[in-house]
Trainee: 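My questions will all concern the structure given below.
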Amino acid sequence: MVADQLRVWAPGRVNLIGGHNDYSGGLVLPMAVDLGTTIVGHRGHDRVVLVSQDEPDPAEVPLDVSDPAGVTPAWARYVAGVVAELAPTTGFIGQVATTIPIGTGLSSSAALEVAVALALVGDDRVDRRALALACQRAEHRASGVPCGIMDQFASLLGIEGHAILIDCTTLEVAPVELPGDVDVVVVDSGERRSLSTVGYADRRAEVMRAADLLGHLPDASLSAVEELEDGVLRKRARHVVTENQRVRDFVTAIGKGDVVVAGALMTESHHSLRDNQEVTTPALDSLVERLVATRGVHGARLTGGGWGGCVVALSDPGVLDEGWTVHPSAGATVEPL
Ligand code: GLA
């Protein structure tokens, strides 16, 4: 047996509602799921070396890595991003395996970043918010995608049986208990697009331009939004303002056990992501319409960054026999072996 072996586990997430809301400082309601990434190994040596069950080539990252985006193979960029952010003085040697379908909008990259970060720290008594922010910066450096904070927060701060309501301005997190008598089902559209090669950064820039005109968007009034002259910025701001209200209404509905209203809000969220934020595709839209037309399905929406990937549906138990039925899980763990 090798001394000081660790097992780290970091979950993926689904976002129930609050799509494209984190980078404007709005409200989001993700839950960590029972699909995750595991790293087993030990600290030591002068580099981070990880062998992945899903990749032919290992990640081998020196501790002084300065350009994570230039590292190969591509998956090693996320490892390098974390190493560059945390600047550990000791490396790590181990193996990675994941049960998260990679690149489908369930935050496989955030789970990898979080697992690597906890492996390097070697202890889960850390400031999880600070570690999540470091992992977010790692994602920016690795992929060039200016993602918000939702995915890394969900992976580190998830609570079993609950979704988490994140205020992306204050970074406060509140648990929202989910009723036991509904299923959360993730269905893959089968469409794949990398967020870096499409409009995620454009959307973020447009939302920021709208905020320059209206101030902090989550506090803007809908009437002020509707007066914006620029039609594109008006749609983006309308999405943020209405989505924020939908998140609040969803939390209220779920608190009362009203899954019919909660589901309808999810479907409205998808329609706003389609019409205002313009991040969906015909395949995602028809998948949502097909799911919500199924008896016992209360609502469905795009769950990740968009332009492909997965849809999340809220349904009566056992109604859907496709996709993954996921369960709200606790955040990442570190376990000595
Ligand atoms: C991706 C990003 C998140 C968030 C979602 C959209 O998952 O990583 O920060 O912006 O898209 O809600």
Side-chain angles (χ1 to χ4, degrees), residues 13-30 105 107 136 139-140 143-151 153-154 165-171 189 191 193-251 264-285 288-289 299-312:
R13 63 98 190 92
V14 293
N15 186 22
L16 295 175
I17 196 160
H20 279 256
N21 243 21
D22 53 357
Y23 52 78
S24 63
L27 299 170
V28 294
L29 190 72
S107 293
Q136 179 198 21
E139 171 101 26
H140 294 177
S143 67
V145 177
C147 66
I149 190 54
M150 173 172 71
D151 307 343
F153 257 51
L165 177 65
I166 309 172
D167 179 325
C168 298
T169 297
T170 62
L171 299 186
S189 70
E191 209 169 9
R193 295 258 181 104
S194 156
L195 291 184
S196 58
T197 57
V198 289
Y200 186 93
D202 294 344
R203 291 297 174 277
R204 185 173 178 139
E206 288 155 0
V207 164
M208 293 303 128
R209 267 163 47 217
D212 286 344
L213 297 169
L214 293 174
H216 188 240
L217 275 190
D219 300 332
S221 72
L222 205 48
S223 53
V225 167
E226 296 305 337
E227 277 165 23
L228 280 177
E229 265 176 42
D230 182 314
V232 169
L233 300 193
R234 190 163 62 234
K235 283 196 275 187
R236 307 299 184 247
R238 187 190 294 142
H239 173 73
V240 174
V241 171
T242 59
E243 185 75 352
N244 239 16
Q245 189 57 46
R246 280 187 288 272
V247 177
R248 286 197 198 90
D249 294 347
F250 184 97
V251 170
L265 288 161
M266 290 171 72
T267 307
E268 275 176 38
S269 165
H270 185 83
H271 292 159
S272 182
L273 289 165
R274 179 191 65 196
D275 301 335
N276 293 316
Q277 199 66 0
E278 298 179 286
V279 296
T280 72
T281 62
L284 286 164
D285 298 340
V288 164
E289 298 314 325
R301 60 181 290 283
L302 164 69
T303 191
W307 295 282
C310 285
V311 156
V312 57

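In this chain, residues are counted from 1 in sequence order.
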Trainee: Just how far is it from atom OG of Ser272 to atom NZ of Lys235, taken to the nearest 0.5 Å?
Mentor: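 Rounded to the nearest 0.5 Å, the OG-NZ separation comes out at 10.5 Å.
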Trainee: For His20, what residues pass the ring-ring contact (aromatic ring centres under 6.0 Å, His included) criterion, not counting sequence neighbours?
Mentor: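 His20 satisfies ring-ring contact (aromatic ring centres under 6.0 Å, His included) with Tyr23, Tyr200 only.
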Trainee: Under the rule for salt bridge (charged side-chain N to carboxylate O under 4.0 Å, His left out), what residues qualify as partners of Arg204, not counting sequence neighbours?
Mentor: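 None.
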Trainee: So that I can tick it off, tell me whether Glu206 and Arg209 are bridged by a salt bridge, with the cut-off set at under 4.0 angstrom between side-chain N and carboxylate O.
Mentor: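 So Arg209 does not pair with Glu206 through a salt bridge.
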Trainee: Does any part of the side chain of Ile166, heavy atoms only, come nearer than 4.5 Å to the side chain of Asp22, both counted from C-beta?
Mentor: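 No, side chains not in contact.
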Trainee: For Arg13, what residues pass the salt bridge (charged side-chain N to carboxylate O under 4.0 Å, His left out) criterion, not counting sequence neighbours?
Mentor: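 If we apply the salt bridge (charged side-chain N to carboxylate O under 4.0 Å, His left out) test to Arg13, skipping adjacent residues, the hits are Asp151.
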Trainee: What is the distance from atom CD of Gln277 to atom CG of Asn21, rounded to the nearest 0.5 Å?
Mentor: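 Rounded to the nearest 0.5 Å, the CD-CG separation comes to 8.5 Å.
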Trainee: Quick one: list whatever passes salt bridge (charged side-chain N to carboxylate O under 4.0 Å, His left out) with Glu226, sequence neighbours left out.
Mentor: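 So Glu226 forms a salt bridge (charged side-chain N to carboxylate O under 4.0 Å, His left out) with Arg238.
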Trainee: Decide yes or no for Arg203 and Glu278: does some side-chain heavy atom of the first lie under 4.5 Å from some side-chain heavy atom of the second?
Mentor: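 Yes, their side chains come closer than 4.5 Å.
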Trainee: List the steps and the verdict of side-chain hydrogen bond (donor to acceptor under 3.5 Å, both in side chains) for Arg246 and Ser269.
Mentor: CA-CA 7 Å; Arg246 280 187 288 272; Ser269 165; 4.7 Å; no
Trainee: Compare all side-chain heavy atoms of Cys168 with those of Val28 and state whether any distance is below 4.5 angstrom.
Mentor: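 Cys168 vs Val28: side chains touch.
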Trainee: Sequence neighbours left out, what passes side-chain hydrogen bond (donor to acceptor under 3.5 Å, both in side chains) with Glu268? Give chain and number order.
Mentor: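 For Glu268 there are no side-chain hydrogen bond (donor to acceptor under 3.5 Å, both in side chains) partners, ignoring immediate neighbours.
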Trainee: Are the side chains of Ile17 and Glu243 in contact, using a 4.5 Å heavy-atom criterion?
Mentor: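 SC-SC contact between Glu243 and Ile17 confirmed.
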Trainee: Partners of Arg234 by salt bridge (charged side-chain N to carboxylate O under 4.0 Å, His left out), sequence neighbours excluded?
Mentor: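 Listed in chain order: nothing, the list is empty.
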Trainee: Kindly indicate whether the side chain of Val311, heavy atoms from C-beta on, has any atom under 4.5 Å from the side chain of Leu284.
Mentor: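 They are in contact (side-chain heavy atoms under 4.5 Å apart), so the answer is yes.
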